[in-house]
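Just so you know, residue 1 is the first one in the sequence shown, and it goes up from there.
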Amino acid sequence: MKKNFVLVFCFLSTVTFGQIIHKRKMSMLGSPFEMTVVANDTIQGNFYINSAIAEVKRIENLISDWIPTTQISLVNQNAGLKPIVVSEEVYSLVDRAIKVSKLTSGAFDISYASMDKIWKFDGSMKSMPTEEVIKKSVSKIGYQNIILDENEKSIFLKLPGMKLGLGGIGQGYIADKIHELLWSKGCQSGLVNVSGDINAWGKQPDGKPWTVGIVNPINKNKIFATFPLEDSAVETSGSYEKYVTFNGIRYSHIIDPRTGYPATGVVSVSVFAKQTEIADALATGIFVLGVEVGLDLVNQLKGIECIIVDEKGKIHSSKGIDIKKYK
């Protein structure tokens, strides 16, 4: 669903105060994963990063819908049959996801995993699916049919065949949990990048903030703005590579769960927030809502800012961001 258009600038070197920036890149959750920490030495740096990796695996074994034994998979397996009692952690995450669904009028919806995969973005599609097929493809989607029981801490999917997928919020949640865990272990500065979900805290050893550069997907070689990240997060969702064009209209691979039609008019959305989880979920929702409605929503939310690049390469930003200041 996501492409990483955020460039992280940090350096693997020994710097002042006897601390080092220690970095590791790998693949986790089926996506690129990059962990950067400030540590006293390589031993401590590896301890922090290994702790982060263990936390990723712990959460993955709770919320992945690809691993058949997770709590979310059990909820999916019992759709239309019975509620499943889950941990407080899983229950709360799903509850917050539903709140974002309401906030975005369903443009973000974790029951999107129920969608029939009728769109193909590998070049094999030669014609549009019919209106009837498109409508049927989303017939089992609807956050309104996710029933939560706060007393029992249970989740029930009303419709047989419904399925939850936390990919649009789970990676952001994992980034936040890594920050929380490493801070508790004494890591006062670091940056985690889970496939474009970035959470940064503290400062680099030289006292400078972590920075991210945002690029325009239509002109990938040019960074149009560089932003400091100080105890905050950013997430970028985009579709400049995966799309199809019919009758002169560009359809992205990010599909509106309310209609079954791919989103149009936008190629990337970057959301800035204090928590990666909310940035993650809102980026998807804003992408679907489009430039005008998406910006209107963000401008009403305290502590949230965004940058949207439309299909013509024009850059739009929320009220709290002055692009010229960061060029």
Side-chain donor or acceptor of [X] paired with backbone N/O of [Y] under 3.5 Å:
| X | Y | result |
| --- | --- | --- |
| Q71 | S87 | yes |
| E305 | G320 | yes |
| S73 | T69 | no |
| E55 | S51 | no |
| N40 | Q19 | no |
| W201 | C187 | yes |
| N247 | I249 | no |
| W119 | G260 | yes |
| S189 | V38 | no |
| E235 | V269 | no |

Looking only at side-chain N and O atoms, does [Y] offer a donor or acceptor that is under 3.5 Å from a partner on [X]?
| X | Y | result |
| --- | --- | --- |
| T70 | N61 | no |
| N76 | D65 | no |
| Y173 | E89 | yes |

Do [X] and [Y] sit in one hydrophobic cluster, given that two such residues count as connected whenever their side-chain heavy atoms are within less than 4.5 Å of each other, even indirectly?
| X | Y | value |
| --- | --- | --- |
| L74 | I110 | yes |
| V85 | L93 | no |
| L164 | Y91 | yes |
| L181 | I198 | no |
| V56 | M26 | yes |

Considering all heavy atoms of both residues, which atom of [X] and which atom of [Y] are nearest to each other, and what is their separation?
| X | Y | value |
| --- | --- | --- |
| A52 | I178 | CB-CG2, 3.7 Å |
| V244 | K120 | CG1-O, 3.4 Å |
| S318 | N299 | CB-OD1, 3.4 Å |
| I53 | R24 | CD1-NH1, 3.4 Å |
| G165 | A113 | N-CB, 3.7 Å |
| A283 | S237 | CB-OG, 3.6 Å |

Quick check for you: to the nearest 0.5 Å, what is the distance between [X] atom [atom1] and [Y] atom [atom2]?
| X | Y | atom1 | atom2 | value |
| --- | --- | --- | --- | --- |
| S92 | E150 | OG | CD | 9.0 Å |
| K203 | Q188 | NZ | CD | 13.0 Å |
| S154 | L148 | OG | CG | 7.5 Å |
| T104 | I286 | OG1 | CD1 | 9.0 Å |
| M115 | I255 | CE | CD1 | 5.0 Å |
| D280 | S195 | CG | OG | 9.5 Å |

For a 4.5 angstrom cut-off between non-hydrogen side-chain atoms, does [X] reach [Y]?
| X | Y | result |
| --- | --- | --- |
| V212 | W210 | no |
| V266 | S252 | no |
| T264 | R250 | no |
| P205 | I21 | yes |
| H179 | V192 | no |
| V90 | I72 | yes |
| P68 | Q77 | yes |
| T36 | H22 | no |

Fill in: From CA spacing to verdict: side chain to side chain contact (heavy atoms under 4.5 Å, CB included), V75, V86
CA-CA 9 Å; V75 170; V86 297; 4.1 Å; yes
Carboxylate-amine/guanidinium proximity below 4.0 Å for [X] and [Y]:
| X | Y | value |
| --- | --- | --- |
| K274 | E230 | no |
| K23 | E34 | yes |
| D256 | R258 | yes |
| E60 | K57 | no |

Worksheet item: Please walk me through it: do I307 and F272 pass side chain to side chain contact (heavy atoms under 4.5 Å, CB included)?
Response: CA-CA 9 Å; I307 296 171; F272 297 83; 4.0 Å; yes
Worksheet item: Can a cation-pi geometry be assigned to K163 and W66, taking NZ or CZ under 6.0 Å from the six-membered ring centre and within 45° of the ring axis?
Response: yes
Item to complete: Check salt bridge (Lys or Arg N to Asp or Glu O under 4.0 Å) between D149 and all other residues, then give those that pass, not counting sequence neighbours.
Response: none
Give every donor-acceptor pair under 3.5 Å between a side-chain atom in residues 127-146 and any protein atom, sequence neighbours left out.
unit_1, atom_1, unit_2, atom_2, d
T130, OG1, V133, N, 3.2
S137, OG, I134, O, 2.6
S139, OG, K136, O, 2.9

Worksheet item: Under the side chain to side chain contact (heavy atoms under 4.5 Å, CB included) criterion, do I84 and N78 qualify, and how do the steps go?
Response: CA-CA 8 Å; I84 296 296; N78 286 278; 3.4 Å; yes
Practice prompt. Answer with yes or no after comparing the ring centroid distance for Y251 and Y261 against a 6.0 Å cut-off, counting only values under it.
Written response: no
Discussion item. For L81, is the CG atom crowded, meaning more than 12 foreign heavy atoms sit under 6.0 Å from it?
Written reply: yes
Worksheet item: Should the heavy atoms of other residues, nucleotides or ligands under 6.0 Å from NZ of K82 be counted, would the total exceed 12?
Response: no
Item to complete: Decide side chain to side chain contact (heavy atoms under 4.5 Å, CB included) for F227 and V234; before the verdict, give the C-alpha distance in whole Å, the side-chain angles of both, and the deciding distance to 0.1 Å.
Response: CA-CA 10 Å; F227 295 87; V234 61; over 6 Å; no
Practice prompt. Could you point out which residue of L182, L191, N193 forms a side-chain contact (heavy atoms from CB on, under 4.5 Å) with M35?
Written response: L182
Practice prompt. Apply side-chain hydrogen bond (donor to acceptor under 3.5 Å, both in side chains) to D176 and T276, showing your working.
Written response: CA-CA 6 Å; D176 289 336; T276 329; 2.7 Å; yes
